[in-house]
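For reference, the structure is listed below as structure tokens.
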Amino acid sequence: MAQERSVVVGCGAYLPETIVTNTQLAERGVETSDEWIIQRTGIRQRHIAQAHETTSVLGTRAAQAALADAGLSPADIDLVICATSTPDHTFPSTATQIQAALGIEGGFAFDLQAVCAGFVYAVATADRYLRTGGAKRALVIGAETFSRILDWEDRTTCVLFGDGAGAIVLEARESPDQGTRADRGVLASCLRSDGRHRAKLYVDGGPGSTGTTGKLRMEGREVFRFAVGSVTDVIEEVFRATGTTAEDLSWFVPHQANRRIIEASADKLGIAREKVVLTVDRHGNTSAASIPLALNAARRDGRIREGDLVMIEAIGGGFTWGAALIRW
Ligand code: ACO
């Protein structure tokens with residue numbers, strides 16, 4: 001029997017114009033060095049949004065690029081999901097503001113909050129709506145302005161993050177090959193969370209507690225240990241569910257937090273280093289935006305092609321984590 005599949009029909013991204021290099025951070029008074037940041041994280045620079053560049057502004061730009069790539073117009077979209085932890089406002093959702101900025105008058109839009117794992121969660125969620133007839137075409141966006149929630153006095157966190165947005169368009173299509181793994185689309189996804197890890201990565205404010213936005217706090221070593229030690233379970237589950245192995249992958253596009261975490265995870269899973277898409281050097285950790293930014297970079301430079309098997313994976317505050325396998 002023919003099955004519905006959520007097929008990627010376009011992708012796009014947007015980075016704010018202002019670039020701040022590691023050396024510039026040190027010159028501006030952060031007690032750090034280019035050498036330290038590159039050696040520990042692989043990050044060389046980050047993009048920082050200007051005051052008028054809110055998360056919805058970045059997200060709208062990325063969404064427009066994804067729509068243009070897909071050859072679609074805003075009216076073709078009936079679902080907008082924006083993965084973000086840095087919304088313009090407590091409410092309404094950033095997704096509804098992007099919907100309005102694009103001129104979409106139908107369908108529905110909502111934010112999804114799973115911190116750095118937000119894009120994987122959003123892909124898995126959109127996939128459920130598309131495959132069960134709840135929507136026909138979805139804009140799945142990851143957009144963040146983490147520079148707004150950084151403590152610029154804390155060198156252990158402020159050097160790691162940046163601003164940006166990325167988006168894909170997913171379209172419900174009947175799969176010609178009875179829904180085998182040869183067909184295009186999201187083949188499987190696996191999501192996990194464990195709220196007991198809250199204290200390792202969190203923001204110390206919020207509307208219901210302090211009444212302030214708060215700043216990001218992190219126990220870097222603990223996050224590192226968990227990211228490398230535990231999150232491969234979701235990838236292994238997706239391999240099992242689809243009968244695939246690391247060898248079958250065309251590309252591994254993980255959350256871009258830290259080069260050492262990415263390479264250690266790939267090694268543990270037996271994924272060849274040349275299949276790993278790395279963009280963290282160019283934009284730092286952009287949380288939910290990092291995977292679509294990396295997908296877009298690899299699509300634009302010709303690495304990801306139609307038919308390729310692409311694994312996305314991320315871990316975020318909570319902890320939350322997840323993976324999805326996509327036949328591009
Ligand atoms: N510049 C220079 N020195 C620094 C800096 C900095 N920016 N930050 C910390 N140091 C110093 C520390 O003070 C310490 O000095 P000391 O030995 O005199 O006390 C020394 O460097 C080592 O500090 P550690 O914290 O032990 O450094 P570590 O090797 O663990 O690296 C890092 C820190 C990069 C944060 C690492 O723990 C890491 O990558 N953790 C993962 C965190 C991460 O990627 N989070 C992303 C968010 S999570 C997510 O996206 C889901």
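Ligands are counted one by one from 1 in listed order, and the atoms in each one are counted from 1 as well. By convention here, the first residue in the shown sequence is residue 1.
With sequence neighbours left out, Phe252 forms a ring pair (Phe, Tyr, Trp, His ring centres under 6.0 Å) with no residue at all. Partners of Arg131 under the salt bridge (Lys or Arg N to Asp or Glu O under 4.0 Å) rule, at least two apart in sequence or in another chain, are Asp127. Residues that satisfy the salt bridge (Lys or Arg N to Asp or Glu O under 4.0 Å) test with Arg184, not counting sequence neighbours, are Glu306.
For the residue pair Asn285 and Arg46, no side-chain donor N or O sits within less than 3.5 Å of a side-chain acceptor on the partner. Between the side chains of Ser147 and Asp163, at least one donor N or O lies within less than 3.5 Å of an accepting N or O.
A salt bridge is defined here as a Lys NZ or Arg NE, NH1 or NH2 lying under 4.0 Å from an Asp or Glu carboxylate O, and Arg192 with Asp233 meets this definition.
Contact shell of ligand 1 (protein heavy atoms, cutoff 4.0 Å): Glu31, Thr32, Trp36, Arg40, Thr41, Cys116, Arg155, Thr156, Val159, Phe161, Leu201, Met218, Gly220, Arg221, Val223, Phe224, His255, Ala257, Asn258, Arg260, Ile261, Asn285, Ile315, Gly316.
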